[in-house]
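Report on the following structure.
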Amino acid sequence: QVQFVESGGGLVQPGGSLRLSCTISGTALSRKDIGWFRQAPGMERREGVSCILNYDGSTYYPDSVKGRFTISRDNAKNTIYLQMDDLKPEDTAVYYCAIGERHPSAQAMCTMTAGLGPQMGTWGQGTLVTVSP
């Protein structure tokens with residue numbers, strides 16, 4: 001069974017940086033679409049914040065994080081990363097990762113997974129990021 005273990009969250013001041021990690025077990029990461037998602041306090045739905053389409057390496061970032069977040073992968077370690085820079089209080093959320101296959105676009109990966117849940121496995125525990133002075 002596919003499982004996700006997210007780590008790297010914590011308390012950071014506005015303008016600071018964090019690097020999140022997600023280790024996947026139960027399947028090989030290679031040839032998978034990958035993404036990071038977040039659920040802000042009090043919000044019912046998750047939001048896709050960074051996705052990569054395996055087919056062509058295309059990426060999707062919503063305007064709220066574009067230029068500040070960078071998603072990457074290490075297939076040998078079965079791990080995906082999210083580098084977050086210039087963090088803002090509105091980035092405070094629990095962050096989750098997910099993988100899938102054959103999405104039509106990176107944006108579709110983000111949108112569909114945020115709304116329907118991971119295509120493979122179920123949501124992990126997530127890692128809490130708190131941005132506060």
Side-chain angles (χ1 to χ4, degrees):
Q1 182 170 345
V2 176
Q3 293 184 321
F4 307 100
V5 178
E6 300 92 348
S7 62
L11 174 63
V12 62
Q13 292 186 341
S17 297
L18 281 175
R19 188 193 193 205
L20 307 183
S21 300
C22 170
T23 300
I24 294 101
S25 61
T27 188
L29 182 59
S30 59
R31 294 192 294 274
K32 301 296 193 297
D33 305 329
I34 63 174
W36 281 95
F37 306 82
R38 68 185 180 188
Q39 187 170 19
M43 300 295 288
E44 287 190 11
R45 300 193 66 176
R46 289 178 176 85
E47 171 193 16
V49 294
S50 302
C51 290
I52 291 181
L53 196 67
N54 177 72
Y55 170 71
D56 60 3
S58 58
T59 57
Y60 168 75
Y61 299 92
D63 290 342
S64 58
V65 308
K66 194 174 295 182
R68 301 188 297 118
F69 288 14
T70 305
I71 186 173
S72 61
R73 66 197 297 165
D74 186 333
N75 289 341
K77 294 182 178 180
N78 241 39
T79 300
I80 63 176
Y81 304 97
L82 183 66
Q83 178 66 41
M84 306 187 296
D85 299 315
D86 189 23
L87 283 161
K88 303 177 180 182
E90 52 263 41
D91 295 319
T92 295
V94 179
Y95 285 72
Y96 305 85
C97 62
I99 61 174
E101 293 180 316
R102 294 187 291 275
H103 291 89
S105 69
Q107 184 173 1
M109 164 72 177
C110 266
T111 302
M112 293 170 63
T113 303
L116 301 175
Q119 195 178 57
M120 298 179 174
T122 58
W123 295 112
Q125 293 297 309
T127 186
L128 175 63
V129 173
T130 303
V131 185
S132 179

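FYI, side chains are in, hydrogens and waters are out, and symmetry mates aren't considered; it's all heavy atoms of this structure.
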Do [X] and [Y] have side chains that approach each other closer than 4.5 Å (heavy atoms only, starting at C-beta)?
| X | Y | value |
| --- | --- | --- |
| Pro41 | Thr92 | yes |
| Ser25 | Asn78 | no |
| Glu90 | Ser64 | no |
| Arg68 | Tyr61 | no |
| Ile80 | Ile52 | no |
| Lys32 | Asn54 | no |
| Leu20 | Met84 | yes |
| His103 | Leu53 | yes |

Hydrophobic cluster membership, [X] vs [Y], 4.5 Å side-chain cutoff:
| X | Y | value |
| --- | --- | --- |
| Leu82 | Tyr60 | no |
| Phe37 | Ile71 | no |
| Tyr81 | Val65 | no |
| Met112 | Phe4 | no |

Tell me the closest heavy-atom pair linking [X] and [Y], and the distance in Å.
| X | Y | answer |
| --- | --- | --- |
| Val49 | Pro62 | O-CD, 3.3 Å |
| Ser17 | Asp86 | OG-N, 4.3 Å |
| Pro133 | Pro14 | N-CD, 3.6 Å |
| Gly48 | Ala114 | N-CB, 3.9 Å |
| Cys51 | Gly35 | SG-CA, 3.8 Å |

Give, for atom [atom1] of [X] and atom [atom2] of [Y], the distance between the pair rounded to the nearest 0.5 Å.
| X | Y | atom1 | atom2 | result |
| --- | --- | --- | --- | --- |
| Thr111 | Glu47 | OG1 | CD | 10.0 Å |
| Arg19 | Ser72 | CZ | OG | 6.0 Å |
| Thr23 | Glu6 | OG1 | CD | 9.5 Å |
| Ile99 | Met109 | CD1 | CE | 8.0 Å |
| Gln107 | Ser58 | CD | OG | 10.5 Å |
| Thr113 | Met120 | OG1 | CE | 10.5 Å |

**Asked** Step by step, would you call Lys88 with Asp91 a salt bridge (Lys or Arg N to Asp or Glu O under 4.0 Å)?
**Response** CA-CA 5 Å; Lys88 303 177 180 182; Asp91 295 319; over 6 Å; no

**Asked** Name the one of Val5, Ile34, Leu29 that satisfies side-chain contact (heavy atoms from CB on, under 4.5 Å) with Ile24?
**Response**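 Exactly one candidate clears the test, Leu29.
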
**Request:** Quick one: list whatever passes ring-ring contact (aromatic ring centres under 6.0 Å, His included) with Tyr96, sequence neighbours left out.
**Result:**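 ring-ring contact (aromatic ring centres under 6.0 Å, His included) check on Tyr96 returns Trp123.
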
**Item:** CD (Glu101) with more than 12 external heavy atoms under 6.0 Å
**Value:** yes

**Request:** Please test Thr59 against Ser50 for side chain to side chain contact (heavy atoms under 4.5 Å, CB included), starting from the C-alpha separation and ending with a verdict.
**Result:** CA-CA 7 Å; Thr59 57; Ser50 302; over 6 Å; no

**Message:** Run Cys22 and Tyr95 through side chain to side chain contact (heavy atoms under 4.5 Å, CB included) and show every step you take.
**Reply:** CA-CA 10 Å; Cys22 170; Tyr95 285 72; over 6 Å; no

